[in-house]
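Note that the coordinates shown come from a computational prediction; the quantities given were computed from them, not determined experimentally. Numbers here simply count residues along the sequence, with the first being 1.
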Amino acid sequence: MRVFAKASENRKKKKAIAGQKKQKLRGQDIYVLGMMIALISFLGFLVENLWLAFTKGYINNRNMNAPFLLGYGALVLAMYFMFGTPEEMNLPKGINGRATKYKRYAFYFLGAMVFVCIAEIVLGASVERLCGIEYWNYSKIPLHITKYTSIPTSAAFASMITLFMGRFFQPVLKFLSRLDERVLKVVSVTICVIMLWDFVLSFGVMIKKKSFYLKWKIFFR
């Protein structure tokens, strides 16, 4: 019995040591966060192409080779570091304790809206300056703020972000955390390297050619 007890204690110590060696950001394993960035970047690719399919009748590669839009993953992760989630917001204890669930979601939505507006203006202006092209133009949309952002579009993105962070972010993190550590590490690093390489390569082409990077386009009507 003592042998089994010692073996059990040794296993627990090894797990504790392994847990301590994990690289973490905001209490989360960096490889789990890497997979989350990849998932959100893929969802961003799908959202943009769904919008194109419904509004313009086609889909395309969205200026990338791989089906990942890194900006979406980076933006949502930045939201997580800055604001947390609607259920556990990074607010002063006094305010957080008094805020109801609806108030927290409202605060989160407004924060996401401001964050999206700033991100769109910075990205749109940067791409136009570096590549000499209009990445997008919201001038025809009511309540636009410069040509790079608008109240309606920012509200739509903020709604999606708030819904995802409130209902799906933590469950997905927990699911990813239960995956085999070695597999998770290999897959996370591989996908993140592919996304970063593709981002640099694709924007390098756009900067060099001063045009969009169109690899494929499929028409539905």
Side-chain angles (χ1 to χ4, degrees), residues 19-20 22-51 53-55 67-124 136 138 141-146 148-179 181 184 187-188 191-192 195:
Q20 291 173 359
K22 286 183 178 180
Q23 299 296 319
K24 293 188 175 184
L25 286 173
R26 207 178 181 276
Q28 298 294 340
D29 189 308
I30 60 171
Y31 302 115
V32 171
L33 294 176
M35 287 297 294
M36 181 64 79
I37 291 175
L39 173 62
I40 296 168
S41 299
F42 177 68
L43 291 175
F45 179 85
L46 292 181
V47 167
E48 288 205 2
N49 268 312
L50 283 172
W51 175 253
F54 281 113
T55 59
F68 301 100
L69 296 182
L70 186 57
Y72 283 84
L75 185 144
V76 173
L77 195 66
M79 282 285 301
Y80 177 61
F81 287 139
M82 290 181 65
F83 303 115
T85 64
E87 296 292 341
E88 299 177 0
M89 286 191 67
N90 297 333
L91 294 172
K93 289 184 179 180
I95 297 175
N96 211 4
R98 293 194 302 268
T100 64
K101 178 179 179 180
Y102 297 105
K103 286 183 179 179
R104 287 198 301 273
Y105 270 82
F107 289 150
Y108 203 90
F109 171 79
L110 292 175
M113 199 169 166
V114 172
F115 201 72
V116 168
C117 283
I118 295 172
E120 285 195 311
I121 291 173
V122 171
L123 179 59
W136 61 82
Y138 292 157
I141 297 177
L143 302 176
H144 64 271
I145 306 170
T146 75
Y148 302 117
T149 193
S150 73
I151 299 299
T153 55
S154 295
F157 280 121
S159 297
M160 288 188 287
I161 291 171
T162 304
L163 175 64
F164 180 82
M165 297 300 287
R167 294 297 183 90
F168 302 106
F169 189 82
Q170 289 294 352
V172 172
L173 275 185
K174 290 179 181 178
F175 170 77
L176 293 173
S177 300
R178 291 195 294 266
L179 298 178
E181 291 181 14
L184 178 67
V187 175
S188 179
I191 295 179
C192 285
M195 288 193 300

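Scanning all heavy atoms of the two residues, the minimum distance from E87 to G166 falls at CG-O, 4.4 Å. Closest of all the heavy-atom pairs between Y138 and H144 is O-CB, 3.3 Å. Shortest non-hydrogen contact noted between L33 and F81 is CD1-CZ, 4.1 Å. In plain terms, the two heavy atoms of T153 and E120 that are nearest each other are OG1-OE1, 4.1 Å. The shortest non-hydrogen separation linking P152 to P142 is CD-O, 3.4 Å. Counting all heavy atoms, side chain and backbone alike, T162 lies closest to P86 at O-CG, 3.9 Å.
One finds the CG atom of L143 at 10.5 Å from the OG atom of S154 (value rounded to the nearest 0.5 Å).
The list of salt bridge (charged side-chain N to carboxylate O under 4.0 Å, His left out) pairs with a residue in residues 73-83, not counting sequence neighbours, is empty. Among pairs with a residue in residues 151-174, those fulfilling ring pair (Phe, Tyr, Trp, His ring centres under 6.0 Å) read Y80-F169, at least two apart in sequence or across chains.
In this structure, S188 has no side-chain hydrogen bond (donor to acceptor under 3.5 Å, both in side chains) partners at least two apart in sequence or on a different chain. Residues passing the side-chain hydrogen bond (donor to acceptor under 3.5 Å, both in side chains) test with Y31: none are found, sequence neighbours excluded. Contacts of Y108 classified as side-chain hydrogen bond (donor to acceptor under 3.5 Å, both in side chains), with partners at least two apart in sequence or in another chain: none. Residues passing the side-chain hydrogen bond (donor to acceptor under 3.5 Å, both in side chains) test with S41: none are found, sequence neighbours excluded.
Counting heavy atoms from C-beta outward, I191 and F68 have side chains that approach closer than 4.5 Å. Residues I141 and I151 form no side-chain contact, since every pair of their non-hydrogen atoms from C-beta on lies 4.5 Å or further apart. Residues D29 and E181 are not in side-chain contact: their nearest non-hydrogen atoms beyond the backbone lie 4.5 Å or more apart.
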